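Heads up, the thing below is written out as structure tokens.
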Amino acid sequence: MSSISDQLEALMRGTAQVISEKELLKKLQRGKPLRAKLGVDPTAPDLHLGHAVPLEKLRQFQEFGHTAVLIIGDFTALIGDPSGRSKTRPQLSSEEVQENARTFTDQAFKILDKDKTELRFNGEWFKKMTFEDVIRLNARVTMQQMLQREDFKARIAADQEVRLHEIQYPIVQGWDSVMVKADVELGATDQLFNILVGRDMQKSEGMEQQVVMLMPILEGLDGVQKMSKSLGNYIGVTEAPDEMFGKLMSISDELMGRYYTLLLGAELDASAHPMDAKKQLAEKVVTRFHTPGEASEALKNWEVKFSKRDHEAADLPELMLGERRDLLGVVGHAYETAFDSKRSGSDLRRLIQQGSVQLNGEKVTDLKSEPDWKSGDVLKLDKKRFVRLK
RNA sequence: GGGUAGGUACCGAAGCGGUCAAACGGGGCAGACUGUAAAUCUGCUGGCUCAGCCUUCGAAGGUUCGAAUCCUUCCCUGCCCA
């Protein structure tokens with residue numbers, strides 16, 4: 001068993017802000033397992049590496065014998081967290097939320113130890129509330145407090161709308177902390193405000209206040225904006241090894257350092273060649289969500305496909321020709337069947353005319369031509385997509 | 001409720017009767033260069049049976065040879081006042 005100070009040091013690692021370390025120490029010294037809370041909204045059905053950052057921290061708590069309390073915000077998702085938002089989040093229907101919640105938890109347990117996780121849905125307590133309860137809950141906070149919040153302030157300053165339901169969000173999230181008696185609440189840095197409200201709520205309930213533990217926000221593939229599904233700059237935890245590997249390889253060197261600290265909890269070895277370092281990063285991350293075997297397979301595949309550009313040897317999706325034999329038709333068919341991606345005709349035309357499409361390494365730009373398709377031919381669609389004809 | 005400013009393509013933002021599928025910027029995609037990187041340069045960025053045609057500028061009507069641009073009604077948002 002590790003000492004309290006070792007534990008504290010490990011828990012503090014990689015955090016962006018903790019309020020406060022002293023409180024955390026005090027709680028740890030008590031020797032009782034802590035209740036570490038992480039709330040997630042099942043707004044998007046798929047988890048990505050950005051979500052993985054706080055989940056990893058939560059797992060660390062589990063490893064030290066604490067209880068992970070994972071709250072699925074089936075109720076809060078109906079509101080939509082305004083954190084970091086410059087506009088109102090769309091509200092989801094209960095059906096969508098239910099559906100998302102399922103896939104969400106399945107994926108979260110790729111990281112968390114399911115047996116040591118207390119899974120809660122906040123609809124459990126909120127759906128029972130009467131309007132009177134809601135009013136009373138609201139009486140606990142002031143308008144001024146809510147307006148202190150940066151997101152709201154900014155929107156108000158920019159003359160953008162702020163809907164009343166949005167200012168309910170922190171109150172609701174805060175109440176979660178009371179209901180699950182959280183000792184620590186984890187979250188990304190944009191959760192500071194929400195989590196602090198939780199502390200206030202606990203205080204007014206005469207409870208010991210939770211420690212706020214904030215994790216940095218992981219930038220997406222573009223290296224600028226935070227990783228999010230809606231921005232399309234994400235790596236999903238369920239993505240195939242090759243896909244995941246490829247995406248990781250496409251990040252900038254600068255971003256790679258971030259990923260090292262936040263995803264691997266390690267420092268980037270500055271002496272290594274950036275590409276080697278990146279390959280290692282990719283391999284480690286893929287291992288985490290798949291298996292070591294699949295990870296090294298993905299590495300090999302990537303090298304064959306992109307470093308050596310040896311598409312003969314690469315493991316590519318196979319394509320059965322469809323009805324059409326003309327270039328435009330085949331390319332469209334390839335996107336649809338091999339990559340499940342529907343593109344408009346104009347889009348395909350553009351791609352072809354701009355020289356993205358190559359047959360066995362040769363650019364082919366005549367839309368209507370009907371090349372002599374042969375089994376084994378390699379057709380490049382765009383930078384990342386290739387198929388082999390069957 | 002009163003006053004006022006607005007609603008334009010993925011986003012921001014021009015346009016204010018024809019030359020508008022709609023300037024410009026961002027984003028995205030592609031090409032060149034590379035380490036499938038970044039940066040940079042270039043091109044593309046509504047759809048289609050693509051030298052042509054069809055559908056877009058909050059919605060529905062109307063005026064006109066012709067509307068994103070004018071009129072009417074409606075819907076939505078900001079700001080000021082109450």
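Within every chain, numbering begins at 1; the chains are lettered A, B, ... in the order of the sequence lines, protein sequences first and strands thereafter. Because the structure is a prediction, the values reported are computed rather than measured. Scope of the values below: all heavy atoms of this structure, side chains included, with no hydrogens, waters or symmetry mates.
Judged purely by atom type and a 3.5 angstrom limit, A/Glu21 has no side-chain atom pairing as donor or acceptor with the backbone of A/Met12. Without hydrogens or angle criteria, A/Glu318 side chain to A/Lys390 main chain gives no donor-acceptor distance under 3.5 Å.
With salt bridges taken as basic N to acidic carboxylate O contacts below 4.0 Å, one links A/Lys226 and A/Asp190. A/Arg35 and A/Glu118 are joined by a salt bridge, as a carboxylate oxygen and a charged side-chain nitrogen come within less than 4.0 angstrom of each other.
Between the side chain of A/Asp276 and the base of B/G35, no donor-acceptor pair under 3.5 Å is found. Between the side chain of A/Gln354 and the base of B/G31, no donor-acceptor pair under 3.5 Å is found.
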Problem set entry | A/His290 and A/Glu297: CA distance, side-chain angles, deciding distance, side-chain hydrogen bond (donor to acceptor under 3.5 Å, both in side chains) verdict | CA-CA 11 Å; A/His290 297 280; A/Glu297 187 72 14; over 6 Å; no
For this session: Begin from the C-alpha positions of A/Arg350 and A/Asp347 and carry the test salt bridge (Lys or Arg N to Asp or Glu O under 4.0 Å) through to its verdict.
Result: CA-CA 5 Å; A/Arg350 251 171 250 135; A/Asp347 209 8; 3.3 Å; yes
For this session: Tell me, with the steps shown, if A/Asp106 and A/Thr103 meet side-chain hydrogen bond (donor to acceptor under 3.5 Å, both in side chains).
Result: CA-CA 5 Å; A/Asp106 284 349; A/Thr103 47; over 6 Å; no
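When Watson-Crick and G-U wobble pairs are counted only if both distances are under 3.5 Å, B/C48 pairs with B/G52. In this structure, B/A30 forms a base pair with B/U42, meeting either the Watson-Crick or the G-U wobble geometry with both donor-acceptor distances under 3.5 Å. Across the strands present, B/C70 finds its partner in B/G62; the criterion is a Watson-Crick or G-U wobble pair with both atom distances under 3.5 angstrom. Across the strands present, B/G78 finds its partner in B/U4; the criterion is a Watson-Crick or G-U wobble pair with both atom distances under 3.5 angstrom.
In this structure, A/Glu219 places its CD atom 15 Å from C1' of B/A38, rounding to the nearest Å. For the pair A/Lys383 NZ and B/C29 P, the computed distance is 8 Å after rounding to whole Å. Computed from coordinates, the A/Met249 CE to B/A38 C1' distance equals 13 Å when rounded to whole Å. Between A/Gln353 atom CD and B/C50 atom C1' the separation is 9 Å, expressed in whole Å. To the nearest angstrom, P of B/G35 lies 11 Å from NZ of A/Lys279. The CZ atom of A/Arg258 sits 17 Å away from the C1' atom of B/A38 (whole-angstrom rounding). Rounding to whole angstrom units, CG of residue A/Asp253 and P of B/A38 are separated by 10 Å. The nearest whole Å value for the distance from the CG atom in A/Leu367 to the P atom in B/C50 is 10 Å.
For A/Lys110 and A/Gln107, the side-chain atoms include no donor-acceptor pair closer than 3.5 Å. Side-chain contact, A/Asn194 with A/Gln191: a donor N or O sits under 3.5 Å from an acceptor N or O. No side-chain donor-acceptor contact under 3.5 Å links A/Ser346 and A/Ser344.
Comparing the C1' positions of B/C70 and B/C16 gives an interatomic distance of 10 Å, to the nearest angstrom. Atom P of B/G52 sits at a distance of 16 Å from the matching atom of B/U19, rounded to the whole Å. Across B/A21 and B/G46, the matching C1' atoms stand 7 Å from one another, rounded to whole Å. Comparing the P positions of B/C65 and B/C75 gives a spacing of 32 Å, expressed to the nearest Å. Nucleotides B/G12 and B/G31 are separated by 30 Å at their P atoms, to the nearest Å. B/C71 sits 38 Å from B/G27 when the C1' atoms are compared, rounded to a whole Å. Between B/A14 and B/C20, the distance separating the two C1' atoms is 12 Å to the nearest Å. Going from the P atom of B/C54 to that of B/A68 covers 14 Å, rounded to whole Å.
The stretch residues 204-216 of chain A participates, sequence neighbours left out, in these side chain to side chain donor-acceptor pair (under 3.5 Å) pairs: A/Lys27-A/Glu208, A/Arg30-A/Glu208, A/Arg140-A/Ser204, A/Arg140-A/Glu205, A/Ser177-A/Gln210, A/Glu185-A/Gln210. Sorted by first and then second residue, the side chain to side chain donor-acceptor pair (under 3.5 Å) pairs with a member in residues 355-367 of chain A read A/Asn360-A/Asp377; sequence neighbours excluded.
Between the CG atom in A/Leu49 and the NZ atom in A/Lys247 there is a gap of 9.0 Å [rounded to 0.5 Å].
At the heavy-atom level, A/Lys305 lies nowhere under 4.0 Å from the strands shown. At a threshold of 4.0 angstrom between heavy atoms, the contacts of A/Lys368 with the nucleic acid are absent. Among the heavy atoms of the strands, none lies under 4.0 Å from A/Gly223.
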Each nucleotide N or O in nucleotides 47-49 of chain B that has a protein N or O under 3.5 Å away: list the pair and distance.
residue : atom : partner  : partner atom : Å
B/G47   : OP1  : A/Ser344 : OG           : 2.8
B/G47   : OP2  : A/Arg350 : NH2          : 2.8
B/C48   : OP1  : A/Gly345 : N            : 2.8
B/C48   : OP2  : A/Gly345 : N            : 2.9
B/C48   : OP2  : A/Ser346 : N            : 2.7
B/C48   : OP2  : A/Ser346 : OG           : 2.9

Protein-nucleic acid N or O pairs under 3.5 Å, nucleotides 53-57 of chain B:
none

Are any protein N/O atoms closer than 3.5 Å to N/O atoms in nucleotides 22-27 of chain B? If there are, list each pair with its distance.
none

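Taking side-chain N and O atoms only, A/Lys380 has a distance below 4.0 Å to OP1 or OP2 of B/G31.
If you chain together ILVMFWY residues whose side-chain heavy atoms come under 4.5 Å of each other, A/Phe339 ends up grouped with A/Leu319, A/Leu321, A/Leu327, A/Leu328, A/Val330, A/Val331, A/Tyr335, A/Leu348, A/Leu351, A/Ile352, A/Val357, A/Leu359, A/Val364, A/Leu367, A/Trp373, A/Leu379, A/Leu381, A/Val387, A/Leu389.
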